[in-house]
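Here the structure is laid out as structure tokens; the discussion comes afterwards.
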Amino acid sequence: MTPSEKIVNIEEKLNNWLREALVRAFPESTADADTIAVTPATDEQFGDYQCNAAMGLARVLKTNPRQIATQWVDAVEPADWVEQIDVAGPGFINIRVAAAALADGLMAMDEDARLCTPETGRDRTVILDYSSPNVAKPMHIGHIRSTVIGCALDRLHRFLGFRVIADNHLGDWGTQFGLLIMGYRHFLDETRLREQPVEELERLYVKSYERSREDPDWLDAARRELVKLQQGDADNRALWQSFVDLSMREFNRIYDRLGVSFDVVRGESYYRDQLAAVVQLLQAQGLAEESEGAQVVRLDDEGIPLCIVQKSDGGFNYATSDLATIKQRMEEFDTEQIIYVTDERQQLHFKQCFAIARKLGWTAQLVHVWFGLMRLPEGTFSTREGNVIKLERLLDEAEERALRLVQASSPEMDAADQRAVARAVGIGAIKYADLSQNPQSMITFTWDKALAMDGNSAPYLQYACARIASVQDKYQARYSGQDCRAYPIELTEVVERRLALRLLRFPSAVNRATALLRPSVLADYLYELAQTYSSFYQNVPFLKAPEGVRESRIRLCGLVARVLRQGLDLLGIETPGRI
RNA sequence: GCGCCCGUAGCUCAGCAGGAUAGAGCAUCGGAUUUCUAAUCCGAGGGUCGCAGGUUCGAAUCCUGCCGGGCGCGCCA
């Protein structure tokens with residue numbers, strides 16, 4: 001057991017305390033303990049925490065909620081760590097915790113490497129399938145959401161102790177390669193290939209595709225090339241491999257800049273020899289049947305359309321590939337959960353896959369985390385209209401904007417440091433813009449929003465950290481040799497109390513973000529913490545405060561910095577030491 | 001036609017395992033820097049939470065219908 005698990009946080013302590021009192025006051029109540037829980041007060045004038053369970057109980061016990069709350073409160077064990085408890089309105093129970101108890105909680109956090117966050121995922125395996133770009137297509141701004149959200153979910157799970165296998169399931173196999181090979185053989189511009197390989201591959205594909213629409217012979221030729229590739233023809237395989245290699249080189253350059261890495265990079269091609277077996281399995285189980293020459297699985301009982309698992313020409317498709325992937329992952333990694341992060345257009349596809357997996361008796365919990373499409377103010381972007389914004393250009397622009405800011409505000413910093421800060425700030429801004437938003441809404445891309453560097457943004461959080469680092473330096477310089485941890489944390493100002501309550505909520509923010517698979521929950525939390533801190537910073541003196549108060553406040557600053565850094569790290573955002 | 005999602009301040013969005021007077025950012029207006037980094041802080045204005053019903057002591061949140069928008073729906077992935 002790690003130290004962090006011995007610590008019962010204040011909310012838990014309050015929950016247990018209230019549950020005991022409820023049993024005493026209403027032995028006949030059979031309310032399950034989980035429904036009796038405190039939440040942070042909606043308004044600090046009411047207290048620190050509130051419990052709304054009395055109103056719910058009133059329905060069950062058929063009594064006046066206000067009376068239940070009163071009897072309940074009367075039954076609590078007197079506790080020195082609770083400063084005040086009272087009933088308000090229709091039956092809200094408001095609780096104010098003693099400042100000393102909050103301070104104790106903070107000091108426990110301060111001594112714990114994990115900031116009192118329990119490892120709830122220990123001994124559990126989860127596979128995260130995210131990013132998954134298509135070979136021979138440049139990554140554009142639409143690809144950033146899967147990558148950034150997936151990366152944050154990855155980090156959150158790891159922090160909670162899960163064994164995470166991040167798998168980049170590349171789109172590296174499929175009918176498009178026949179056309180691409182034809183395009184490559186007939187239209188290749190070697191100079192372009194050298195300079196912008198993936199862009200050139202995309203151009204070749206588009207050109208070949210256009211040709212195929214007016215020229216049936218071309219289409220036939222492309223099909224033949226595809227069959228040759230699938231049968232292992234040496235030339236075509238070598239060509240295909242070079243497409244994959246060129247694409248990976250470019251993807252990796254972007255992943256490096258984003259600080260994203262994978263445990264496994266297995267494209268669809270990895271499973272190509274397992275597809276026939278999947279169809280055979282489905283047939284053997286009586287799940288697949290012939291329809292119009294294709295093999296299909298009917299899903300009427302699930303209320304969703306049937307799913308084709310083998311085309312009438314004998315080829316396999318996406319669903320079959322994903323089923324093979326699930327099987328392989330369950331067998332190889334003994335995973336209890338697989339999480340897919342893709343855009344909303346794949347909802348039906350995954351519903352079908354998951355339903356078939358269930359019918360096969362596969363036990364892994366399959367979850368699709370989907371997000372809304374990204375679009376431009378003038379509408380959806382498309383290669384045809386040429387309004388696609390390449391991901392690399394977005395990253396460049398972000399770093400340039402951030403560099404201008406850094407140069408303006410820290411002219412004394414040397415150029416290399418300025419660039420390093422600009423990288424962290426620019427990339428952080430882009431990631432945060434995505435992570436702080438409910439994934440399910442459609443995003444309208446605008447440069448100003450994606451690259452916002454003030455207000456609710458990563459740079460705001462990074463800036464708060466940088467100020468704290470500066471305060472800590474000045475403290476060290478003025479009081480060298482003094483350890484502020486020798487002094488207790490004491491909360492006197494209103495804003496300090498507010499700060500304390502926020503800090504103590506870190507573990508639950510992390511847990512909730514992970515359980516709901518929504519990094520935005522953590523982003524919101526961090527922003528609120530930073531706001532409270534900024535207000536504290538602006539309105540309360542630290543270095544000029546008298547001894548004791550000074551140290552307490554420096555400790556608070558240090559704890560805020562640790563929480564912000566840890567939280568941002570879980571979102572995949574760096575925090576430079578200085579800005 | 002069927003299915004999934006979205007509709008909250010001028011703009012972009014939080015809030016939606018029901019709770020007290022609906023919150024941020026941007027923009028606008030007004031203040032704060034001899035003092036810990038002004039990428040900041042303090043304050044003001046700004047709302048029929050798409051519309052109409054229903055459930056409930058209580059609905060932005062749950063249910064039904066409608067309107068508007070996005071996406072998907074047998075051989076692409």
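Chain A is the first sequence line, chain B the second, and so forth, proteins listed ahead of strands; every chain is numbered from 1. Only this structure's heavy atoms are used, side chains among them; waters, hydrogens and symmetry mates stay out. What you see is a predicted model; the values in this text were computed from it and never measured.
- The separation of rC63(B) from rG18(B), taken at their C1' atoms, amounts to 13 Å, rounded to a whole angstrom.
- Of the side-chain N and O atoms in Y318(A), none sit less than 4.0 angstrom from OP1 or OP2 of rA77(B).
- Residue D343(A) forms a side chain to side chain donor-acceptor pair (under 3.5 Å) with just one option from R345(A), Q347(A), Q346(A), and that option is R345(A).
- Syn is the conformation of rG74(B), whose glycosidic angle sits no further than 90° from 0.
- Dashed line: the shortest gap from a side-chain N or O of S535(A) to OP1 or OP2 of rC42(B) is under 4.0 Å.
- When ring centroids are compared, F243(A) and Y205(A) stay outside the 6.0 Å threshold.
- Applying the Watson-Crick and G-U wobble criteria (two distances, each under 3.5 Å), rC75(B) pairs with nothing in any strand.
- When each of rA14(B), rA39(B), rC36(B) is scored by its nearest atom to the side-chain atoms of I579(A), the top-ranked nucleotide is rA39(B).
- If you measure from atom NZ of K311(A) to atom P of rA77(B), you get 5 Å, rounded to the nearest angstrom.
- Residues R498(A) and T532(A) have side chains that never bring a donor and an acceptor to within less than 3.5 angstrom of each other.
- Looking at D172(A), its side chain has no donor and acceptor atom pair within 3.5 Å of the base of rA77(B).
- The aromatic ring centres of F46(A) and F92(A) sit 6.0 Å or more apart.
- When the side-chain nitrogen and oxygen atoms of R467(A) are compared with OP1 and OP2 of rA38(B), one or more of them lie within a distance under 4.0 Å.
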